[in-house]
Amino acid sequence: QVQLVESGGGLVQAGGSLRLSCTASGSIVSINAMGWSRQAPGKQRELVAGITSTGITNYAESAKGRFTISRDNAKNTVYMQMNSLKPEDTAVYYCNADITRTEWPWRNNYWGQGTQVTVSS
């Protein structure tokens, strides 16, 4: 079994910052790409940022210049530093990880339970 646990969400004023963390645990051989997505009320889930196992990153246009994704492979953890937050960033943020396991299914994509980020104006 594999679990992803997120933390770091909360309430912040516009212009403020938050740092999200997501740690994977369980029957893990290796973690391939990791990422963050978000879902605002009444909207579809959207990809915000992704990072490969070698550290190559990519961002949605809405996140470029404000958000930074990083990872600590030794800790099976992905982070997202969010600066200059805007009210439109308000959403539930989910991490996901493409994980190779010690048991069947050998490889699968897993999601965390989500953490709420609320940005007040």
Side-chain angles (χ1 to χ4, degrees):
Q1 190 69 303
V2 171
Q3 283 189 319
L4 271 63
V5 178
E6 298 128 332
S7 61
L11 174 64
V12 65
Q13 288 189 331
S17 298
L18 285 173
R19 188 191 194 210
L20 306 182
S21 300
C22 172
T23 299
S25 62
S27 54
I28 297 170
V29 173
S30 61
I31 301 178
N32 308 300
M34 305 181 83
W36 290 95
S37 299
R38 67 186 181 187
Q39 187 166 19
K43 295 187 177 182
Q44 288 190 331
R45 189 176 296 190
E46 61 171 349
L47 180 64
V48 177
I51 184 167
T52 68
S53 58
T54 58
I56 298 171
T57 61
N58 206 353
Y59 298 91
E61 284 299 321
S62 60
K64 286 182 180 178
R66 300 188 300 127
F67 295 0
T68 303
I69 189 171
S70 60
R71 62 191 285 172
D72 185 332
N73 292 331
K75 296 181 179 180
N76 289 342
T77 299
V78 62
Y79 307 96
M80 187 160 70
Q81 178 68 41
M82 304 187 295
N83 299 328
S84 302
L85 283 162
K86 305 174 182 180
E88 51 263 43
D89 293 317
T90 295
V92 178
Y93 283 71
Y94 299 90
C95 72
N96 74 284
D98 175 12
I99 294 175
T100 300
R101 302 176 65 208
T102 60
E103 55 196 21
W104 185 259
W106 307 121
R107 184 169 178 174
N108 205 1
N109 188 48
Y110 295 88
W111 291 87
Q113 81 286 354
T115 185
Q116 178 70 46
V117 170
T118 302
V119 184
S120 63
S121 57

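Just so we're clear, the structure is a prediction, and the values are computed from it rather than from any experiment. Below, all heavy atoms of this structure are taken into account, side chains as well, without hydrogens, waters or symmetry copies.
- Annotation for P105 and N108: closest pair CG-ND2, 4.0 Å, computed over non-hydrogen atoms.
- Between L85 and R66, the shortest heavy-atom distance links the atoms CA-NH1, 3.9 Å.
- Shown here is Q3, whose CD atom has no more than 12 heavy atoms of other residues, nucleotides or ligands within 6.0 Å.
- V2 places a side-chain heavy atom less than 4.5 Å from the side chain of S27.
- Rounding to the nearest 0.5 Å places OG1 of T68 at 6.5 Å from CG of N83.
- Side-chain contact between V117 and M82: present, with at least one pair of heavy atoms (C-beta onward) separated by less than 4.5 Å.
- With R71 contributing its side chain and T52 its backbone, the two residues share a donor-acceptor pair below 3.5 Å.
- Taking the side chain as every heavy atom from C-beta outward, D72 and Y79 approach each other to under 4.5 Å.
- Smallest separation of non-hydrogen atoms from A97 and I31: CB-CG2, 4.0 Å.
- Judged by distance alone, with hydrogens and angles left aside, the side-chain atoms of Q81 form no donor-acceptor pair with the main-chain N or O of R19 at under 3.5 Å.
- Between C22 and M80, the closest side-chain pair of non-hydrogen atoms is not below 4.5 Å.
- Counting heavy atoms from C-beta outward, S120 and T118 have side chains that stay 4.5 Å or more apart.
- Hydrophobic cluster membership differs between I99 and Y94, with clusters built from Ile, Leu, Val, Met, Phe, Trp and Tyr side chains linked at under 4.5 angstrom.
- Rounding to the nearest 0.5 Å gives a distance of 13.5 Å between CZ of R101 and CZ of R107.
- Here N76 contributes atom CG and I28 contributes atom CD1; the two are 4.5 Å apart, rounded to the nearest 0.5 Å.
- Nearest heavy-atom pair across V119 and T90 is N-OG1, 2.9 Å.
- Atom CH2 of W111 is separated from atom CG of L4 by 10.0 Å, given to the nearest 0.5 angstrom.
- Of all the heavy atoms in W36 and L47, the pair that sits closest is O-CD1, 3.5 Å.
- One N or O on the side chain of E6 and one on the backbone of Q113 form a donor-acceptor pair closer than 3.5 Å.
- Residues V12 and V92 are members of separate hydrophobic clusters, defined by side-chain heavy-atom contacts under 4.5 angstrom among Ile, Leu, Val, Met, Phe, Trp and Tyr.
- When all heavy atoms are compared, the tightest approach of F67 to Y59 is O-CE2, 3.2 Å.
- Atom CD of Q13 has 12 or fewer heavy atoms from other residues, nucleotides or ligands within 6.0 Å.
- A side chain to side chain donor-acceptor pair (under 3.5 Å) with N109 holds for exactly one of N96, N32, D98; it is N96.
- Put simply, the side chain of D89 reaches to within 4.5 Å of the side chain of R38, judged on heavy atoms.
- Looking only at distances, a side-chain donor or acceptor of E103 sits under 3.5 Å from a matching main-chain atom of Q1.
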